[in-house]
J.: 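Sharing a structure, written as structure tokens. Questions coming.
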Amino acid sequence: MSDGKPYKRVLLKLSGEALGDGNYAINNDILSEIGSDVAEAHATGVEMGIVIGGGNIFRGVAASAKGMDRASSDYMGMLATCINALALQDALEKKGLQTRVQSAIDMAEIAEPYIRRKAIRHLEKGRIVIFAAGSGNPYFTTDTAAALRAMEINADVILKATKVDGIYDKDPAKHDDAVKFETLDYIEVLNKGLQVMDSTAISLCMDNKLPIVTFNLKTNGNIKKVIQGEKIGTTVS
Ligand code: GTP
């Protein structure tokens, strides 16, 4: 936990769905708002890496459930994250931020390859590094990629931006009496089957003592608040 102190280096996990509006996979106004929030947070001096999902464009797991080969559908999902990464890069640069996109799948004409030491150097220089193509492996989610990259860049925390303001004992959209947890430990999340991140991602964080803070992205200013150590959302540690 930050113990109320600001974090120095964070890994922000954004879902692909956060960029869309139901009609369009990428809504420029929403993208611009996310850009403003990230810029405001970055201005505090934090070093930030971002892993973005691809579910607004293509969901590997959903496609494989309908009969598509799982590895092929996961690769399609990884390509979707690359589209989102370029969109996010554009939005962040419009807010005056310096960014680099690094892809786990080689596409040198479009993005730098993922090179851990180079990513860290970019962060030290104040650039936001957007990690595209997940971990580059099928059967792993972008949440797991976020946990992996967070550890590789020695981030203090994973900031998991979602549509709700923390983790509840049941779906707060469907149950009025849903109760929000302020803190949880990893094993509780796994045992209770709470939908924070998939179990591979949670296990990886647990084994490496990497805290996760989940919070609502839709509330403007939340990224900055979390980075400054304000207690919002739910902390898993
Ligand atoms: P420093 O040398 O630390 O200042 O980093 P830098 O990223 O500014 O230098 P570099 O010369 O590596 O990159 C200059 C620009 O080219 C940046 O916008 C990079 O994102 C981009 N770039 C670097 N390598 C690649 C690559 O393999 N593919 C693509 N598409 N762009 C690259």
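Heavy-atom basis, side chains included; hydrogens, waters and symmetry copies ignored. Both ligands and their constituent atoms are indexed starting at 1 by order of listing.
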J.: Identify, by atom number and element, the atoms of ligand 1 in contact range of Lys118, meaning under 4.0 Å from any of its heavy atoms.
T.: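 What qualifies from ligand 1 is 12 (O).
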J.: Within 4.0 Å of atom 28 (N) of ligand 1 (strictly less), any protein heavy atom?
T.: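 Yes, at least one protein heavy atom sits under 4.0 Å from atom 28 (N) of ligand 1.
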J.: What do you think, any protein heavy atom under 4.0 angstrom from atom 15 (C) of ligand 1?
T.: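 Flag for atom 15 (C) of ligand 1 set to false, no protein heavy atom closer than 4.0 Å.
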J.: Does the N or O separation between Pro113 and ligand 1 drop below 3.5 Å for any pair?
T.: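 Looking only at distances, the answer is no, because the N/O contact criterion of under 3.5 Å is not met.
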J.: N/O to N/O below 3.5 Å, does that happen between Ala108 and ligand 1?
T.: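 Such a contact does occur with ligand 1.
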J.: Strictly below 4.0 Å, N to O, side chains only: are Asp169 and Lys180 in salt-bridge contact?
T.: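 No, no charged N to carboxylate O under 4.0 Å.
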J.: Report the member of Lys125, Glu112, Glu109 with the shortest heavy-atom distance to atom 25 (C) of ligand 1.
T.: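 Considering heavy atoms of Lys125, Glu112, Glu109, the nearest to atom 25 (C) of ligand 1 sits in Glu112.
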J.: Assess whether a salt bridge exists between Asp143 and Lys13, defined as any Lys/Arg side-chain N lying under 4.0 Å from an Asp/Glu carboxylate O.
T.: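 Yes, charged N to carboxylate O under 4.0 Å.
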J.: Should you measure from each heavy atom of Ala111, which atoms of ligand 1 turn up under 4.0 Å away?
T.: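 With Ala111 as reference, the close atoms of ligand 1 come out as 26 (C), 28 (N), 29 (C), 30 (N).
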J.: Using a strict 4.0 Å threshold on nitrogen-to-oxygen distance, state whether Lys170 and Asp177 make a salt bridge.
T.: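 Yes, charged N to carboxylate O under 4.0 Å.
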J.: Can you tell me if Lys160 and Ser15 form a side-chain donor-acceptor pair at under 3.5 Å?
T.: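 No, no side-chain donor-acceptor contact under 3.5 Å.
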J.: Examine the proximity of ligand 1 to Val101 and report which part, side chain or backbone, both or neither, has a heavy atom under 4.0 Å away.
T.: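 Neither part.
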J.: Inspect the contact between Glu17 and Arg59 and indicate whether a charged nitrogen and a carboxylate oxygen are less than 4.0 angstrom apart.
T.: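 Counted as a salt bridge, because a side-chain N and a carboxylate O are separated by less than 4.0 Å.
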J.: Assess Arg149 against Tyr114: is NZ or CZ under 6.0 Å from the centre of the six-membered ring, and within 45 degrees of the ring's axis?
T.: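 The answer is yes, since Arg149 meets both limits relative to Tyr114.
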J.: Would you say that more than 12 heavy atoms from the other residues, nucleotides or ligands in this model lie under 6.0 Å from the CD of Gln195, or not?
T.: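 At most 12 heavy atoms, drawn from other residues, nucleotides or ligands, come within 6.0 Å of this atom.
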J.: Could you verify whether a donor N or O on one side chain and an acceptor N or O on the other, from Asn56 and Asn84, lie under 3.5 Å apart?
T.: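 On atom types as modelled, these side chains qualify, holding a pair under 3.5 Å.
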J.: Would you verify that at least one protein heavy atom lies under 4.0 Å from atom 9 (O) of ligand 1, or report that none does?
T.: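 No, no protein heavy atom sits under 4.0 Å from atom 9 (O) of ligand 1.
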J.: I'd like to check whether Arg127 has a polar contact with ligand 1, where a contact means an N/O of the residue lying under 3.5 Å from an N/O of the ligand.
T.: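 N/O-N/O distance below 3.5 Å exists for this pair.
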J.: What protein heavy atom sits nearest atom 7 (O) of ligand 1, and how far off is it?
T.: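 That would be Arg100 NE, 2.7 Å.
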